[in-house]
2 protein chains.
Amino acid sequence: MPQVTPLRQQRTNCSDCRLATLCLPENLDDVAVNDLDGIIKRPRPLDRGAPLFHSGGDFRAIYAIRTGAVKTSRLLPNGDEFVSGFYLPGEVIGLDAINYNNHPTTAVALETTSVCEVPFSDLEKLSLNRPALQRHMMRIMSRELATEQTLNQVLVHRSAEQRLAVVLVSLSDRFGNRGLSPKRFRLPMSRHELGNYLGLAPETMSRIFRRLEKQELVCTDGRDITLLNQTELRLLAHGESEVPLRSGRA
Amino acid sequence: MPQVTPLRQQRTNCSDCRLATLCLPENLDDVAVNDLDGIIKRPRPLDRGAPLFHSGGDFRAIYAIRTGAVKTSRLLPNGDEFVSGFYLPGEVIGLDAINYNNHPTTAVALETTSVCEVPFSDLEKLSLNRPALQRHMMRIMSRELATEQTLNQVLVHRSAEQRLAVVLVSLSDRFGNRGLSPKRFRLPMSRHELGNYLGLAPETMSRIFRRLEKQELVCTDGRDITLLNQTELRLLAHGESEVPLRSGRA
DNA sequence: GCCCCTACTTGACGATCATCAAGTCGCTTA
DNA sequence: TAAGCGACTTGATGATCGTCAAGTAGGGGC
């Protein structure tokens with residue numbers, strides 16, 4: 001049930017939040033929602049480029065994006081950066097830090113971004129007596145895991161063109177689920193960051209974008225993207241178009 | 001505290017299992033271990049090639065490997081197979097099925113394999129009153145998530161040689177943690193399967209193996225592997241050797 | 001012991017994509 | 001408005017790795 005309140009309006013609690021269906025469990029009763037609401041902090045918005053947490057930093061909380069966008073990345077000793085993910089409103093980050101009690105990645109706001117901070121120890125206590133909440137945590141993590149595995153296979157087995165198609169479709173779906181247009185959207189990240197995420201050089205990104213334009217699948221204006229032929233783009237992304245896979249026989 | 005009982009001896013309960021430190025939480029009291037033991041089923045061993053569960057099949061339980069080895073893979077409509085993981089004793093599979101209530105992957109025994117089957121609904125009930133168990137589940141999933149992300153980056157940003165080095169080091173560590181030799185071990189999977197997992201053609205696998213042999217890093221005899229220079233192999237795997245990364249500047 | 005089938009190996013060739021180099025565009029700052 | 005800087009584009013070139021083809025070796029069944 002999406003509500004009509006505009007995205008930018010400040011949320012003060014979970015029960016009003018239009019993103020609740022994305023980040024809250026379905027069967028959570030009002031009392032539980034209030035309890036959850038009680039432990040959540042809502043820090044002031046982060047500016048573009050501001051870090052949410054640093055690689056190696058202590059794990060204290062997980063974060064749900066409310067507005068904006070976040071990228072996570074690992075920094076190698078030699079200075080190379082590896083972008084590991086992009087996160088949109090309603091998505092949760094920091095789950096990969098639970099085991100070792102510190103963050104494997106650095107999270108940085110790609111634009112002005114507000115988040116809900118959920119202290120993990122509080123969340124653990126709260127979920128002890130609440131099956132719905134415990135189950136929800138497991139589900140979120142399970143879904144992340146499956147997504148990550150799928151991504152792995154996409155990146156390893158598919159061509160540059162198909163990789164790009166996959167992220168474009170993914171972003172389209174995610175924007176669509178958030179009540180925004182699945183056909184026209186603005187990329188929150190640079191070509192460089194997107195390429196890094198996909199394991200492609202920025203030059204290749206540029207060429208692939210234009211190749212997709214020539215096929216009349218998408219239309220680009222800088223970071224503004226219009227999907228012209230979603231059906232065909234999805235076929236390409238799922239490796240079912242006439243274009244062969246990168247290692248189809250493998 | 002590893003015990004001296006041989007691996008092949010049938011385990012009848014968790015408290016005796018030498019793998020307990022791998023798949024059980026640290027702080028679980030004896031009563032809880034007994035409760036857990038009570039819900040676990042121990043089906044008769046799977047033959048090589050036998051499926052543990054099928055892609056698309058209902059999710060009922062997660063599985064801890066006791067002996068043997070398992071590979072998970074996805075099957076595309078066109079018949080292509082994508083290997084997503086290899087699992088050794090003490091490792092848990094099926095966690096990626098929690099969210100959608102069915103298995104995204106097919107799991108198949110690579111050799112004679114025995115598992116502990118943990119019905120998930122029972123596990124959920126049990127963990128409700130047991131913080132240690134609930135936390136343990138989260139940790140396992142969190143670790144999986146972090147591992148999967150790291151793997152992603154390895155596969156996307158590194159050369160064939162480095163990819164192979166990464167799995168060899170990973171297997172070495174995992175065998176080592178299980179009380180086996182980290183220097184000499186037998187691969188449970190074929191070159192074809194390993195290559196598929198790494199996104200490399202079998203022919204490339206063959207060539208890379210011999211390149212590593214020429215560098216005197218490893219020595220191979222079919223599936224039998226000996227690591228001759230672990231230090232250098234690890235440097236190669238972590239991208240810190242003199243060999244440049246595949247997209248180092250990205 | 002022999003055969004066959006599969007796994008693996010080896011070589012030749014070509015496609016994809018990274019790299020290097022030199023641009024253009026657009027946005028910010030003065 | 002102009003300057004300057006970073007993001008993006010475009011082209012040329014080459015390395016890596018996939019593909020095709022033809023082999024060899026090893027293991028299970030008879």
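First the proteins, then the strands, lettered A, B, ... as listed; each starts at 1.
Between its two ends, the helix from C:dG1-D:dC30 to C:dA30-D:dT1 turns its axis by 50°, counting five pairs per end and rounding to 10 degrees.
Across the protein-nucleic acid pair, A:Arg186 atom CZ and C:dC27 atom P stand 9 Å apart, rounded to whole Å. Between B:Leu200 atom CG and C:dT16 atom P there is a gap of 18 Å when expressed in whole angstrom units. B:Asn196 places its CG atom 11 Å from the P atom of D:dG18, with the value rounded to the nearest Å. Per the geometry, CD1 belonging to A:Ile208 stands 15 Å off P belonging to D:dG11, to the nearest Å. Taking atom CG of residue B:Leu198 and atom C1' of nucleotide D:dT16, one finds them 16 Å apart after rounding to whole Å. In this structure, CZ of A:Arg211 is placed 13 Å from P of D:dT10, rounded to the nearest angstrom. Summarising the geometry, the separation between CZ on A:Arg158 and P on C:dT16 is reported as 17 Å, rounded to the nearest angstrom. The distance from atom NE2 of B:His192 to atom C1' of D:dG18 is 14 Å, rounded to the nearest whole Å.
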Please encode protein proximity along nucleotides 9-15 of chain C as a string of B, S and -, counting only heavy-atom distances under 4.0 Å. SBBB---

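Qualifying side-chain contact (heavy atoms from CB on, under 4.5 Å) partners for B:Asp58, counting only residues two or more places apart in sequence or in other chains: B:Arg60. In this structure B:Ser142 satisfies the side-chain hydrogen bond (donor to acceptor under 3.5 Å, both in side chains) test with no other residue, sequence neighbours excluded. Residues forming a side-chain hydrogen bond (donor to acceptor under 3.5 Å, both in side chains) with B:Glu111 (at least two apart in sequence, or on another chain): none. By the ring pair (Phe, Tyr, Trp, His ring centres under 6.0 Å) test, B:Phe53 pairs with B:Tyr63, B:His103, sequence neighbours left out. Legend: residues meeting side-chain contact (heavy atoms from CB on, under 4.5 Å) with B:Glu193, ordered by chain and number and at least two apart, are B:Lys71, B:Phe86, B:Leu110, B:Met189, B:Ser190. With sequence neighbours excluded, the residues that form a side-chain hydrogen bond (donor to acceptor under 3.5 Å, both in side chains) with B:Gln153 are A:Arg74. Among residues two or more places apart in sequence or in another chain, the side-chain contact (heavy atoms from CB on, under 4.5 Å) test is passed with A:Glu213 by A:Arg210, A:Val218, A:Thr220. For B:Leu228, the side-chain contact (heavy atoms from CB on, under 4.5 Å) partners are B:Cys219, B:Thr226, not counting sequence neighbours.
Residue B:Arg184 qualifies as open at atom CZ: its count of foreign heavy atoms under 6.0 Å is 12 or below.
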Please list, one pair per line, the donor and acceptor atoms closer than 3.5 Å that link side chains of residues 44-51 of chain B to other protein atoms, with sequence neighbours excluded.
none

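The nucleotide whose nearest atom lies closest to any side-chain atom of A:Arg223 is, among D:dC8, C:dA18, C:dC8, D:dC8. Closest approach to the A:Ala201 side chain among D:dC17, D:dC8, C:dA18 is made by C:dA18 (side chain taken as heavy atoms from C-beta onward).
Within the 3.5 Å criterion, the main-chain N or O of A:Arg158 finds a donor-acceptor partner in the side chain of A:Arg163.
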Check nucleotides 24-30 of chain D for protein N or O atoms closer than 3.5 Å to its own N or O atoms and list the pairs.
none

